[in-house]
Amino acid sequence: MTETKQNNFITIPQLENISFLIQGFGTERWKEEDFKRRPEWKNFRLLFLDQIHSDVIQSIDEIPRGNLKGDAMVTSLSSLFLIIRTADCLPALIVSQSPKVIAAVHCGRRGTCKRVVQRAIHRMIDHYGCDPSVLLVALGPLIGSRCYEVGEDVLMSFEKDGHSTESFQNHPTHEGKYLFDLKEANISQMLNLGIKKDNIFSVDICTHCHRDFASYRRDKDKASRVLSFIGMKG
Ligand SMILES: [Zn+2]
């Protein structure tokens with residue numbers, strides 16, 4: 001989990017020996033134009049979504065014209081960077097080595113309630129023939145559970161949609177408030193689909209505590225967005 005000052009993004013070391021894969025979680029210093037500064041990436045196209053806190057999954061089987069709407073992209077095509085923008089939400093990058101398929105998922109509170117990560121994994125299985133038991137998952141910086149206070153309405157919305165409330169804890173001092181573990185909520189959804197716990201890797205950085213990362217809760221409307229990306233070499 002070493003951050004390379006030079007590159008301004010973090011990678012997951014356990015995924016670095018996959019020869020065809022490029023993955024990273026940008027700090028606030030890593031900008032869109034930085035992708036083109038690396039000669040070895042100059043042929044990559046950058047794909048962004050108009051993120052809408054939904055459970056809409058986009059399969060990228062050809063290059064789209066303009067941004068698609070949704071909160072996850074899945075592809076078997078190489079030379080594309082699937083890019084997710086976040087400020088506190090969880091970015092999840094998923095890779096299948098055989099067949100070669102990648103996904104990038106924006107797991108916010110609302111998307112998590114709608115099980116966006118499960119829908120993305122289902123798409124990998126149903127549309128691309130992936131085996132969930134060998135998928136590898138990289139979880140990026142997100143707001144940690146100690147910093148993520150939510151109201152009872154959030155807890156109730158999860159209960160209403162049939163989720164366990166294990167990812168919520170009573171706030172230690174604020175009565176009627178809860179601390180929400182967004183990462184654990186998503187990990188639990190992944191495990192339920194047959195992803196192996198040992199195949200899930202996390203950078204374990206709280207965006208709210210670390211100034212290198214965008215945090216909506218900390219900086220409100222001034223918050224920028226950090227870029228998380230995954231791509232396959234051609
Ligand atoms: Zn924190």
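Both counts, for ligands and for their atoms, begin at 1 and track the order of listing. Quick note: numbers below take in every heavy atom, side chains included, and nothing from hydrogens, waters or symmetry partners.
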query = What protein atoms of element N, O or S are positioned under 2.8 Å from the Zn ion (ligand 1)?
reply = C147 SG, C206 SG, C209 SG
ask   = Parallel, tilted or perpendicular: which describes the rings of W30 and W41, with under 30° parallel and over 60° perpendicular?
value = perpendicular
task = Indicate the ring-plane relationship of F81 and F229, choosing parallel, tilted or perpendicular according to the 30° and 60° boundaries.
result = perpendicular
query = Among all residues two or more places apart in sequence or in another chain, which pass the side-chain hydrogen bond (donor to acceptor under 3.5 Å, both in side chains) test with Y178?
reply =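 Partners of Y178 by the side-chain hydrogen bond (donor to acceptor under 3.5 Å, both in side chains) criterion come out as none, since no residue qualifies.
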query = Are there more than 12 heavy atoms of other residues, nucleotides or ligands under 6.0 Å from atom CZ of R217?
reply =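 Correct, the count exceeds 12.
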request  = Answer yes or no: does atom CD of E184 have more than 12 heavy-atom neighbours from other residues, nucleotides or ligands under 6.0 Å?
outcome  = yes
inquiry  = So, applying side-chain hydrogen bond (donor to acceptor under 3.5 Å, both in side chains) with D34, which one of K31, K36, R37 is it?
reply    = R37
